[in-house]
Amino acid sequence: MPHFEVVTAVAAPPDRVFAVCLDVEAHTRSMGESSERAVGGKTRGELALGDTVTFQARHLGLTWRLKARITGYDRPRCFVDEQESGPFKRWRHAHHFEPDGAGGTIMRDVVDFASPLGRVGRIVDRLLLSRYMPRLIRMCNAYLASTFD
């Protein structure tokens with residue numbers, strides 16, 4: 001199963017970064033290039049343990065829907081979202097927040113995913129998504145980090 005990590009420095013304390021990362025509207029703004037929007041579940045405000053949200057976005061020329069649930073929540077250290085339905089066979093995204101010692105936050109995204117369709121999905125993961133998905137997370141994080149500048 002593909003796995004990657006993205007580390008981002010943010011010039012704000014962990015509790016503020018944690019809250020922004022759980023804010024549905026902030027997330028959709030950070031994914032503006034894909035025209036992402038919340039279309040189901042909790043579509044506004046800050047997500048909490050057990051909440052679901054369904055996002056619709058355009059990626060790789062296709063429109064996708066992904067319903068995620070917040071399955072782990074340890075404020076302000078970590079939260080986890082996992083796909084309940086959508087394009088992946090498996091999607092698990094753990095968001096970790098640690099103080100950097102200077103008033104900011106080191107944000108670490110740990111993502112495990114797998115595409116459906118057996119061997120074809122594994123080829124797509126290796127040749128396309130293993131590069132596309134980390135780039136997408138870095139783009140989202142850069143936008144979120146810029147909101148604190």
Side-chain angles (χ1 to χ4, degrees), residues 1-116 124-125 128-149:
M1 177 180 333
H3 168 91
F4 67 88
E5 296 187 21
V6 172
V7 177
T8 308
V10 183
D15 57 323
R16 288 188 55 215
V17 179
F18 184 94
V20 167
C21 288
L22 277 168
D23 184 87
V24 174
E25 293 114 326
H27 177 77
T28 57
R29 284 191 303 273
S30 76
M31 300 295 284
E33 280 187 28
S34 64
S35 302
E36 186 158 320
R37 59 193 179 103
V39 297
K42 187 166 184 175
T43 60
R44 301 179 65 82
E46 189 174 319
L47 297 165
L49 183 63
D51 284 347
T52 64
V53 60
T54 301
F55 291 108
Q56 180 176 301
R58 190 156 179 84
H59 295 283
L60 305 170
L62 300 169
T63 299
W64 305 91
R65 280 190 180 209
L66 183 142
K67 179 181 180 182
R69 179 176 300 276
I70 303 302
T71 59
Y73 188 95
D74 180 16
R75 189 179 197 106
R77 289 185 271 287
C78 178
F79 73 89
V80 177
D81 63 85
E82 295 186 69
Q83 175 189 281
E84 284 197 346
S85 62
F88 295 99
K89 178 179 178 182
R90 173 162 166 72
W91 174 268
R92 182 179 190 278
H93 183 177
H95 309 250
H96 300 273
F97 308 88
E98 296 185 19
D100 68 2
T105 301
I106 300 299
M107 183 168 60
R108 187 169 50 94
D109 294 89
V110 180
V111 178
D112 295 292
F113 70 96
S115 294
V124 168
D125 289 345
L128 180 64
L129 295 180
S130 65
R131 286 187 289 271
Y132 182 79
M133 298 310 298
R135 190 184 84 212
L136 192 64
I137 298 293
R138 283 192 296 273
M139 180 185 72
C140 177
N141 287 357
Y143 174 85
L144 292 172
S146 75
T147 67
F148 295 104
D149 291 339

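Every heavy atom of this structure was used, including side-chain atoms; hydrogens, water molecules and symmetry mates were not. Throughout, residue positions are numbered sequentially from 1 according to the sequence presented.
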**Asked** Which word best sums up how the rings of Phe97 and Phe79 line up, parallel for under 30°, tilted for 30 to 60°, or perpendicular for over 60°?
**Response** parallel
**side-chain contact (heavy atoms from CB on, under 4.5 Å) assessment of Val10 paired with Ile106** = CA-CA 6 Å; Val10 183; Ile106 300 299; over 6 Å; no
**Prompt:** How far does CG of Leu49 sit from OG1 of Thr71, to the nearest 0.5 angstrom?
**Reply:** 8.0 Å
**Request:** Tell me, with the steps shown, if His93 and Asp109 meet side-chain contact (heavy atoms from CB on, under 4.5 Å).
**Result:** CA-CA 7 Å; His93 183 177; Asp109 294 89; 2.6 Å; yes
**Prompt:** Rounded to the nearest 0.5 Å, what separation is found between the OG1 atom of Thr105 and the CG atom of Asp15?
**Reply:** 8.0 Å
**Request:** Say whether, by atom type as modelled, one donor and one acceptor occur between the side chain of Trp64 and the main chain of His59 under 3.5 angstrom.
**Result:** yes
**Distance-only side-chain donor-acceptor flag, His27 / Glu36, under 3.5 Å** = yes
**Request:** Would you indicate whether the side-chain heavy atoms of Met107 and Val17 approach each other to under 4.5 Å?
**Result:** yes
**Item:** For Ala9 against Ala145, the heavy-atom pair lying closest together
**Value:** O-CB, 4.2 Å
**Message:** According to salt bridge (Lys or Arg N to Asp or Glu O under 4.0 Å), does anything in residues 37-50 pair up with another residue at least two apart or in another chain? List the pairs.
**Reply:** Glu25-Arg44, Lys42-Asp51, Glu46-Arg75
**Prompt:** Where the side chain of Asp23 meets the backbone of Ala26, is there a donor-acceptor pair that is under 3.5 Å apart?
**Reply:** yes
**Request:** Sequence neighbours left out, what passes salt bridge (charged side-chain N to carboxylate O under 4.0 Å, His left out) with Arg131? Give chain and number order.
**Result:** none
**Asked** Between atom CZ of Phe55 and atom OG of Ser34, what is the distance when rounded to the nearest 0.5 Å?
**Response** 10.0 Å
**Request:** Working to the nearest 0.5 Å, report the span between OH of Tyr73 and SG of Cys78.
**Result:** 11.5 Å
**Asp125 side chain to Ser130 side chain, donor-acceptor N/O pair below 3.5 angstrom** = no
**Approximate separation, where rounding is to 0.5 Å, of Arg138 CZ and Thr8 OG1** = 9.0 Å
**Request:** Before giving the answer on side-chain contact (heavy atoms from CB on, under 4.5 Å), spell out for His95 and Asp81 the whole-Å C-alpha distance, their side-chain angles and the decisive distance to 0.1 Å.
**Result:** CA-CA 8 Å; His95 309 250; Asp81 63 85; 2.7 Å; yes
**Request:** With sequence neighbours excluded, tell me which residues meet salt bridge (charged side-chain N to carboxylate O under 4.0 Å, His left out) with Glu82.
**Result:** Arg90
**Request:** Drop me the distance from Leu128's CG to Leu60's CG, to the nearest 0.5 angstrom.
**Result:** 5.0 Å
**Asked** When you check the gap from the basic side-chain N to the acidic O, do Glu5 and Arg108 get nearer than 4.0 Å?
**Response** yes
**Message:** Under the criterion side-chain contact (heavy atoms from CB on, under 4.5 Å), I'd like the reasoning laid out for Arg92 against Val111: C-alpha separation, chi angles, the key distance, then a yes or no.
**Reply:** CA-CA 6 Å; Arg92 182 179 190 278; Val111 178; over 6 Å; no
